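Remarks on the structure that follows.
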Number of protein chains: 2
Amino acid sequence: MDYTDYINLRYRPDANDLIAEFRLEPARGVSFKEAAGAVAAESSVGTWTQLTTITDKRLKQIAAEVFSINEKSGIIKIAYPSELFELGNVPQLMSSVAGNVFGMSLLNNLRLEDINLPNSYIRAFRGPKYGIPGIRKMLRVYKRPLLGTIIKPKLGLDEKEHAQVAYQAWLGGCDIVKDDENLSSMKFNKFYSRIAKTINLRDRCEKETGEKKIYMPNITAECDEMLRRAEFAKKVGCEYAMVDVLTVGWSALQKLRNANEGLKLVLHGHRAGHAAITRNPKHGISMLVIAKLCRLIGIDQLHVGAVVGKMEGAKREVQEIGEEIEERIIRPDKKHHILAENWLHIKPMFAVCSGGLHPGKVPALVKAMGPHIIIIQMGGGIHGHPRGTFYGAMAARQAVEATMHGIPLKDYAKYNRELREALDKFGEK
Amino acid sequence: MDYTDYINLRYRPDANDLIAEFRLEPARGVSFKEAAGAVAAESSVGTWTQLTTITDKRLKQIAAEVFSINEKSGIIKIAYPSELFELGNVPQLMSSVAGNVFGMSLLNNLRLEDINLPNSYIRAFRGPKYGIPGIRKMLRVYKRPLLGTIIKPKLGLDEKEHAQVAYQAWLGGCDIVKDDENLSSMKFNKFYSRIAKTINLRDRCEKETGEKKIYMPNITAECDEMLRRAEFAKKVGCEYAMVDVLTVGWSALQKLRNANEGLKLVLHGHRAGHAAITRNPKHGISMLVIAKLCRLIGIDQLHVGAVVGKMEGAKREVQEIGEEIEERIIRPDKKHHILAENWLHIKPMFAVCSGGLHPGKVPALVKAMGPHIIIIQMGGGIHGHPRGTFYGAMAARQAVEATMHGIPLKDYAKYNRELREALDKFGEK
């Protein structure tokens, strides 16, 4: 089979096919069709030369096929027979459709835009244990965004200081306090001691405020140690664990989710490092695909961008990811390269917005994402408040309240000094 | 602290610092220095605003510092105090120096070119169990490149056919037979049955040829299943296991290496998916960094490119990676963005060259990589031989022999029909 034999524009995918949409730029002197066929070949059964080990007829039965080509936009769609994938093995899926293809010399650039998973594939996964409904029930907060903070500085506080800052944040009005993505177990801030101390103050704050308060310790580590940390977190009373999904990787993430049938933690996913893969619009893998795989495996809530903060990520893209992870039926959107999906039994995953957020940005963020389906995480926007974390958390909660009542922040700030101070420092937008 | 406070061009890194070299392109309207400082801040302790939770004096003690800037080339070097890293936790390292930084809106592009790990960090890892000397001893091949093949097609053969093709390849002269990167356990070719059948024929072939023959089954899967497969491979007589290092991820890879103290397998690393991260010269992470981390953790042999094959990857880059993973002392090379390294007790890792190779390419490959330090993997270049796998393997072995004796392939082909047929089909270069 030549590479162009992997193209069949008359093919109509059936319900058992996995569909991938790629954006493709062939190398100089290579025809678009040859490059497109090469992607289908290399990500399924093919190699660069005629083989003697199998007949073309048999090979064709399980070969992927390019069934849609748009040379102008560079978009192609490939259908993969489901036999090409091992059920329940995300690394194998990625080694196939997001593996060697990115390095082929027939291409200059290649980006995996979206994947449509067949029902049979989705059925092999559990998805989030809690998801949005479970989390809202646990926190007893149904009608507003959840408000969280990240302890700042990222690194530098000892265990006791860490717990104290967390306490101030909860007391001021945060629902959630989380570790930062590069804080695991440091010489000056050891995991086991930090978790125990922080949960102690969490318990105290719950009594004092009557509100459910959440601590999300970062368990990112080698697989066994990650699970030991998850078990310890559970033992001392955490309901959550957070993990850097991409730097631990797919195998460990699946293992964590399997173990979580017993642990029953809410799993919070940080996406540290994603932009190395997702940022280039011409090459790599879209954040949409990464978010889908997290939902499939069973992360309960995932960072998707800030829409309005310090990190790149167009508003539309963040909204699309929000829909993909929170809806049951995804309608295809040709213009924005979204494929259809039916999530079946897989629960919706909470979208977490974070990165350079502060109280002044809450109205725009809520408007962009919808009030019922976001967790707002502010780090510097709370701990950078002129009077510190406690007042910073108050200001953030006031911003959420004002937004939910439809009151402009400026007006609400007249009667709320903390919010006023925050807006003065950080701005109103 | 402002972002520019993270710049200190008078700083001289000490032996405990971790050094990272980045290539940086600031966003429009952002000064190079501000962008450089932002990278140091975000990858260590900083955030975008002044904090109340810690004094600047304390923060500065553990902050990363940009100590070298070259605006013209875009290259910066950052020194990180070793306290910022948890020993033995690769995901945490990556979440720090290769995490949020790639997504900052102050930058257009950012590429992590190299990392210099301090001795204290390296000492926390085991490195390869066997490495080059251990593998050569096991195979009893000391003076030529090792010759391997990948069973082709990637997917499509059943267990029995797979074992038969492997047998033909060994018999023809291959030392090593490996599964392809997307073959794990399929409906039509189940892992446990395939391994057992293939090892049976491997044993037979060893008796028939008197040579040591190696089978590398692909154990890529969810972490527990990956280990079950490794244990099974060991039990039935495999000396090797292969794993897709990036799609299983760092946590699982560390777990596999820890388990390997008992399993005592040679670990073969396939880099499927690397080019999504490594290919763009302006953004992402270099293959050099990924290769370093694999050696550090303890992969024994790793795909590094073909120099002359179907995948991109400049000759110089592949050679540099080869040196990085196979030498004990790495000398800095400013021009090619290589930092110094002292690998201490960490054994050298074998460089595996694969991707579009065939007998005609052997002389150029050996010249580029050096004869003593490579494993040559040919897939299509063996199974695509006009008379099939057995003769294809003979031709490949003949090409290696000719090259080691300094005989031009064309001349050697006069007396070796198999090689002649291969050169006729695939070309002489």
Side-chain angles (χ1 to χ4, degrees), chain A residues 45 47-54 59 62 83-84 86 89 91-92 94-96 98-100 102-103 105 152-156 165 181-182 184-185 187 220-224 226 244 247-252 254-255 272-273 275-277 280 283-285 310-312 356 379-380 383-384 388, chain B residues 45 47-54 59 62 83-84 86 89 91-92 94-96 98-100 102-103 105 152-156 165 181-182 184-185 187 220-224 226 244 247-252 254-255 272-273 275-277 280 283-285 310-312 356 379-380 383-384 388:
Chain A
V45 300
T47 191
W48 54 275
T49 186
Q50 184 70 33
L51 296 173
T52 55
T53 50
I54 195 166
L59 200 57
I62 60 154
E83 297 92 315
L84 293 171
E86 181 185 356
N89 189 338
Q92 192 267 343
M94 294 306 273
S95 291
S96 305
N100 285 353
F102 296 113
S105 51
K152 298 282 178 183
K154 293 159 95 77
L155 299 177
V165 173
E181 79 284 348
N182 60 342
S184 55
S185 191
K187 277 182 194 161
T220 299
E222 173 276 331
C223 200
D224 283 348
M226 174 180 77
D244 298 342
T247 61
V248 303
W250 301 116
S251 286
Q254 286 199 258
K255 158 94 181 159
I277 312 164
N280 183 342
H283 189 74
I285 303 171
K310 70 176 167 174
M311 298 296 181
E312 61 85 37
H383 309 296
Chain B
V45 301
T47 190
W48 53 276
T49 186
Q50 184 70 34
L51 296 173
T52 57
T53 49
I54 195 166
L59 199 57
I62 60 156
E83 298 92 313
L84 293 172
E86 181 184 356
N89 188 337
Q92 191 267 343
M94 294 307 273
S95 290
S96 304
N100 285 352
F102 296 111
S105 50
K152 299 280 178 185
K154 294 158 96 73
L155 299 178
V165 174
E181 79 284 349
N182 60 342
S184 56
S185 191
K187 275 182 197 160
T220 299
E222 175 275 331
C223 201
D224 283 348
M226 174 180 76
D244 298 343
T247 61
V248 302
W250 301 117
S251 287
Q254 287 199 255
K255 158 94 182 159
I277 312 165
N280 183 341
H283 189 74
I285 303 171
K310 70 177 167 174
M311 298 295 181
E312 61 86 37
H383 310 294

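In the text below, chain A, chain B and the rest are named by the order of the sequence lines, each starting its count at 1. Keep in mind it's a predicted model, so treat the numbers as computed, not measured.
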Of all heavy-atom pairs between [X] and [Y], which one has the smallest distance, and what is that distance?
X	Y	result
B:E86	A:S185	CG-O, 3.1 Å
A:H283	A:F102	CE1-O, 3.5 Å
B:Q254	B:P91	OE1-CD, 3.3 Å
B:I54	B:L59	CG2-CD1, 4.0 Å
B:K255	A:C223	CB-CB, 3.8 Å
A:T220	B:N89	O-ND2, 3.0 Å

Q) Looking only at atom types and distance, does a side-chain atom of B:H383 sit under 3.5 Å from a main-chain N or O of A:T49, one as donor and one as acceptor? A)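 Absent.
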Part of [X] within contact of chain A (heavy atom distance under 4.5 Å):
X	answer
B:T52	both
B:N182	both
B:A98	backbone

Could you check which of [options] has the highest count of heavy-atom pairs closer than 4.5 Å to chain B?
options	result
A:P153, A:G284, A:A252, A:G384	A:P153
A:T53, A:D244, A:D224	A:T53
A:A272, A:G273, A:A276	A:A276

Q: Sort out for me which of B:G99, B:S95, B:G156 touches chain A most, counting heavy-atom pairs under 4.5 Å.
A: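 Option with the greatest count: B:S95.
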Contact class of [X] relative to chain B, heavy atoms under 4.5 angstrom:
X	value
A:V248	both
A:I62	side chain
A:S251	both
A:L84	both

Q. Roughly how far, to the nearest 0.5 Å, is the CD1 atom of A:I285 from the CE atom of A:M94?
A.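 Between A:M94 CE and A:I285 CD1, I get 4.0 Å after rounding to 0.5 Å.
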